[in-house]
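See structure below.
Note on naming: letters A, B, ... go to the chains in the order of the sequence lines (proteins, then strands), and numbering restarts at 1 for each one.
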Amino acid sequence: MTELVTLSIDGKQVTVPKGTLVVDAAKQAGIDIPVFCYHPKMEPAGMCRMCLVELGRPMIDRATGQPVLENGQPKIQWAPKLETACTNVVSDGMVVLTRSEKARAGQQEILEFLLTSHPLDCPVCDKGGECPLQNLTLDYGPGKSRFLYNEKHHAEKHVPLGELIWLDRERCIQCGRCVRFQRLVAGEPVLAFDERGRDTEIITNSEPAFDSIFSGNTTDICPVGALTTADFRFGARPWELKSAASLCAQCPVGCNITFNTRREAKSGGRVVIKRVMPRQNEEVNEIWICDKGRFAYHFTESEARLRQPLIRRNGQLQPASWEEALDLAAAKLKAAGKDALILAGGRLSNEDLFNLKKLADGLGAQSVLYTHVGGGDLVTQIGLASGTNLADLGKGDTILVAACDLYEEAPIWWLRVKQAADRGATLIVVNARATRLDKHAGYVVRYAPGDETVTLQGLLKQDKIGAAIREAGNLLVFYAADGLDLNGSTSVAAACANLLIETGHFGRPNNGLIGVWPHANDQGAWEIGFRPEADLAAALKGKTVYIAAADPAGDDPRLAKALQDAGTVIVQELFQTATASLAEVVLPAAAYTEREGTFTSGERRVQRYYPAVPRWAETKADYVITAEIGQRLGLDLEAGAPALVFNRLTAEITAFAGLSYRKLAEVRPQWPIVGRADLYYGGTTYENKQGLGVHLAAAASAGESPHLPEVRKGSGPRPQEDALLAVPVTKLYDLGVTVRSSVLLEARIGLPAITIHPLTAEKMGLKAGEKAMIGLGGHENEVLVKLDETIPAGVALVPRSMGLPVSAPAPLSVGKAK
Amino acid sequence: MRVVEPVVELARGLATTLRMIFGEKPVTVQYPEEKRPVRPRFRGRHVLKRYDNGLEKCIGCALCAAACPADAIFVEASENTDEARYSPGDRYASTYEINMLRCIFCGFCEDACPTEAIVLGDNYELSFTSRREAIYPKEMLIEPVPPGGQPTPQKTPPGVFTRSVPEMKDSQD
C-alpha cells in the first residue's frame, strides 16, 4: 500500500501518494498550475519556471522534532522565494498557493520574459489555436510588455529537422521537452541544445537529420509552434478540423488515433484527412504514436484508388455495375463450391473476416490468411488476457523477444518494452542479428540462421536466462518472422509457447504469447478461424480464388504465376494491385477510414474505429461486398450495420462472447489528463472518449494445461558455402499498399536495398551504396548494397514489401549492376 | 363661416404643395445613373488589399473565417516560395471565398485581420442569379495590382519577405 500524504493547495485538502509532485497533485485535485517544460510522462527539469507557486511547510521544532503550533494550528514556514511546483515533491502538511498575488506576479513575469523573444506570428503558426503559450498567456499573462518590441530576438524560422519535422527557432522557448522526449522516452537522443544563453537553440545531431521514428510526438508535446510537421504545414487551422476516433492500421499494436478532417477545395471539395493525432489509451499506446502511423495515411485520398467494379471482357478489365460484378463473382464461386479458396489479409476488420469466413464455410471452401508469421493458433490459446498492460511490467518480470525486430515491426511495442526494461524488467532478445532493442536487453542471444528453434528450446537450460524465465513474476514473449518464413515462425511460436506453458506463464494478466503480425488485424483473423497455408502456390492451383485485402502477386512472382494458373480470381481491394490486374472480377473496397469496424490487436484487445471521411466513389465496405455475394448464394449474411455483424460474431466465436459495440466504447478515467482545455499539460494528444477496447477472453486459464505444441525438428535453411542466403526482414517504411501513397515518406522508404556483412561484400567486390543485381527465385532485381557488420556472414537481409520476391530464406546470387 | 374655413385650409395645403414644387430642390437620386457617396465607415462588399509592390496582404490565417458569425468565409492556405510568392512570409491564401448570401456585413473580419488585408469596401451592388454565383472567389475579391506593382505570383529575392505580419500602426478611418 502506498503511503498517502495530505497537503493543502489553494485551501483545498488534497491526499495523494507519497512522492507525487506538487504540480501533479494539483492537477488531480482539479487545480491548474501552468507549465511549459514539465510533462507528466517525463522527469521534471524545472527549466521554464512557469509553475512558480508559494510553498510552505510546517515548521518543526528542532529540539523536540514536533511541529511548532500557533493558535493551535501548525505554524507554516514559507519558502523565501517562489518555488517550482514541478520539482517539489509533496509532503505532509504542505501548503501551496497557486493563485496568490505573489504567485500570480511570478507567473506573469515569466510569461512576459518568455514573450520577449517570441515572434508572435500566431496567425501563420500551425500551432495557433491549440498552443499552450497562447492559452497560458491569455490566462496568466501580463497583457502588456515592458520590453521594447524592436529589440526582439530573431533567429532562423525554417529549419528542416529531417524531412518530416520543421523547426522555427524564433518560436522555441527552450523548454527541452523534445530533447528530453527523445532521450528519455524514445531512447534516441538525436536532438540537443546548442550554444548557450540567448543563443540557445535546438539542433539535431544525427545523420540523416532527426533520425527517429517517434519524431512526430515532439510536435504534440512542443508547447509552442517551434516543432511542426511538414505533412500538416498550413493544412488548416486546428479549430476548423473535425475529429473522428480511429485506430492505426499499420501494425498489430492497435494505437488509438484521431483523424482530423476537413472539406477542402484543393482536394476538389472532398472531405479529406488532414492529420493523424494520437488518442490516449494508457494500456495500448499511452499518448504516443510512431511516424508511420502519423504520416502514412494518404492512401485514403489517393486518386489511384479503385472507383468502380471491373469485369474482364475480351481480356481487358472494364468498368461494370455492382450488380454485374457481384452476380459474376457469386456465379463463379457457386460453380467452384468446395474448389473455391478465400484468401484474406490482416488489413480487414473482424466483421469483414467473419463474413468471409461464413462465406467460405457456406461454400465448403478453404479460408486462408495471407501472412508470413505463423503460430496464431497458439496465441489464441495462450495470448494475452484482460488486465494486461505493458506499463505494469517492471522489476522481477521478464520479456522475451524472439526472431523479431520490434523497432521496425511494431514501434510502440518497442517503446513500451524498452520502458519496461528501463523500469527493471529483464529483457531477453533472441535473434540472428543485432536489432535496436539489444542495447536495452539484459541478455542477448544470437543464433546462426537455421538454429532459431533449437536456441529457443535451449534457453531454459542456460543458467541465468533459464532462471530469468522460470522465476519471472510475469513473462511476455514477442515473436515474429525476422529472417524466417511462415514455417520458421510457426516453429518459433511453438518453441515460445512451450517456454510459457512449461513455466506456467499463461492465462493470467501480463503473461502470454504475442505474435508481432504484419497487419493490424491478423490476430482477429486467427481468432475467427483463418489459417495460413504453408504452400500457398500449390493451394491456389486450379481454385476459384476470392482475395480480399492482399496482394500476393505483387509480393512474390511465384504466387503471381500460381494465380495465373488458378481458375478464376476475384479481388477485393483499394488499389489496382498486381493481384487485381490478374483478376476476372475486381471489387472496389472502402478504406477502413471510411467506415466503422473493429480490429483485434496483437495483445488480443478488440477496439472500435469510427468513420472519418465519406466513402470514395462507388466503393463498398468489405463485409457488405462479401455479404452481398453470400446472399446471391443463398447464405444468410449480414450486410447492414457493422454492429449487427459483430453481434453475430460474438454469438458464434467463443473468444468474443459478451462483447458488444457499446462495451467497446466504454472509457475509464486515465492519467495523465490530456486533451481537454489544458493542452499545456500533456500536449495535443486527444482525450479518449470513444472507447478503450476490451480484451478477448483467455482460452486457457492458469491451472489448465494446454497441449504442448510440437516443435519442428532439425534446422531451417542455412547459408551455403558458395551462395548467400537471402533472409526476409521487415522494414518499417516499405512499399505496402497503404504506405506508398504518402509522398512525404519517400525518402524514408528509399530504394530496395540488401544488407550484407562487410567481409561478404569484400569477397564479392561490392561497396556500400553501390548498385547490384540480385537473382532471387529466378528473378533479377537491381538493389542498393548496404553494409552492416552485426549481421551474420553469408546472409543477406532482404526487405519484405519492397518489390523483391522474398517470402522465405532462399539462395541469392549477386552480380554487378548493368 | 362654414364655407370660408375649408377654403382657407385648402389654399394653405395647396400653398405647401406649390412651394414644394417650385421652391425646394428634389432629393431623389437617379440611381443607377447617379450614385450617392457612401459614409467613411460604410460596410460594403469586401476587398482583399495589396501592398504597393503588388503582393497580397492576405496571409491565409483564416482568422476572418474564425471571427465570422455567419460562417461566410472559407480560407485555405498554401506555402509561398521565393519562386512563386503571393504574400510576404510563408503563408498565403490559395483559396479565399466569401458567401455573400451568408455575409451580414458586420465587419468582424476586418477587425480580426492581422494584416489589414480584408476591408469592407464601398460597393453595395451585389446581385446574383444563383447560389453558386453568390460565392465570391479570391479573383473577384482581390483589388487590382496598383500602378508600379507586379501581379502575383512574383519571383522575389530570397531573405526579403520573411515576415507575414507587418508592423502595424493604430487604425485610422
Contacts of A/Tyr681 that satisfy side-chain hydrogen bond (donor to acceptor under 3.5 Å, both in side chains) - sequence neighbours left out: A/Asp24

Atom CZ of B/Phe105 with >12 non-hydrogen neighbours under 6.0 angstrom: yes

Minimum-distance pair of heavy atoms, taken over all atoms of A/Pro123 and B/Cys61: O-CB, 2.8 Å

Pairwise side chain to side chain donor-acceptor pair (under 3.5 Å) hits with a residue in residues 218-227 of chain A, at least two apart: A/Asp220-A/Arg294, A/Asp220-A/Thr684

Please tabulate, one pair per line, the N or O donor-acceptor pairs under 3.5 Å between chain A and chain B.
residue, atom, partner, partner atom, Å
A/His154, ND1, B/Arg163, NH2, 3.2
A/His158, NE2, B/Asp90, OD1, 2.5
A/His158, NE2, B/Asp90, OD2, 2.8
A/Glu170, OE1, B/Arg163, NH1, 2.9
A/Glu170, OE2, B/Arg163, NH1, 3.3
A/Glu170, OE2, B/Arg163, NH2, 2.6
A/Arg233, NE, B/Glu79, OE1, 3.0
A/Arg233, NE, B/Glu79, OE2, 2.8
A/Arg233, NH2, B/Glu79, OE2, 3.2
A/Arg233, NH2, B/Asp90, OD2, 3.4
A/Arg237, NH1, B/Cys61, O, 2.6
A/Arg262, NH1, B/Val75, O, 3.2
A/Arg262, NH2, B/Val75, O, 3.1
A/Ala265, N, B/Glu76, OE2, 2.5
A/Lys266, N, B/Glu76, OE1, 3.0
A/Lys266, NZ, B/Ala77, O, 2.8
A/Lys266, NZ, B/Ser78, OG, 3.2

Greater than 12 external heavy atoms within 6.0 Å of B/Phe128's CZ: yes

Qualifying residues under side-chain hydrogen bond (donor to acceptor under 3.5 Å, both in side chains), relative to A/Glu163, sequence neighbours excluded: A/Arg748

